[in-house]
Amino acid sequence: MFSKSRRRFLVEIPLLAGVLLAARSAHATHYPAKLCGDCSFGSKKDNCTKCGKWMGSTRIPARLCSDHGFGSKGDNCARCGKWVGSSKAQAFVCGDCGFGSKKDNCVICSKWAP
């Protein structure tokens with residue numbers, strides 16, 4: 001019968017723990033919010049996606065959570081909900097809606113979008 005020595009067992013424990021921890025690491029992702037051609041046309045693209053106020057020079061990229069950005073839902077406009085199509089203009093939020101940790105929240109539902 002094969003038995004491991006105590007030294008061999010103590011060497012293998014950290015190796016096994018490292019493999020298990022590396023295999024279970026979580027990856028948080030966010031999805032960039034987009035605007036359709038109507039919402040990104042002209043001076044409308046300078047308005048905040050969330051509140052609609054003028055952004056000025058503050059242009060913080062808007063995010064979508066996994067509920068609103070996963071799959072084909074990520075191709076919908078963050079402001080009006082229509083299909084983006086070939087526009088693919090990035091959505092931004094103003095300084096009020098993006099101040100502090102609010103910039104990490106979803107533009108549509110305000111949940112955390114890592």
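Residues passing the salt bridge (charged side-chain N to carboxylate O under 4.0 Å, His left out) test with K34 are D75, sequence neighbours excluded. Every salt bridge (charged side-chain N to carboxylate O under 4.0 Å, His left out) that K82 has, sequence neighbours left out, goes to D38. By the salt bridge (charged side-chain N to carboxylate O under 4.0 Å, His left out) test, R63 is found to be paired with D104, residues two or more places apart in sequence or in another chain being considered.
Counting only heavy atoms from C-beta outward, the side chains of W112 and C65 never approach each other to under 4.5 Å. The shortest distance between side-chain heavy atoms of V93 and C48 falls below 4.5 Å.
Between the side chain of S87 and the backbone N or O of L35 there is at least one donor-acceptor pair closer than 3.5 Å. Checking side-chain atoms of T58 against main-chain N and O of C94 turns up no donor-acceptor pair under 3.5 Å.
Residues K50 and C97 come closest through the heavy atom pair CB-SG, 4.0 Å. Heavy atoms only, all atoms of each residue included: I60 and K103 are closest at CG2-CB, 3.8 Å. Closest of all the heavy-atom pairs between H68 and L64 is O-CD1, 3.9 Å. Of all the heavy atoms in D46 and W54, the pair that sits closest is O-CD1, 3.5 Å. Shown here for W83 and C36, the closest heavy-atom pair between the two residues is O-CB, 3.9 Å. Considering all non-hydrogen atoms of both residues, V84 and N76 come closest at CG2-C, 3.6 Å.
Enclosure of atom NZ in K53 is not indicated, since only 12 or fewer non-hydrogen atoms of other residues, nucleotides or ligands lie within 6.0 angstrom.
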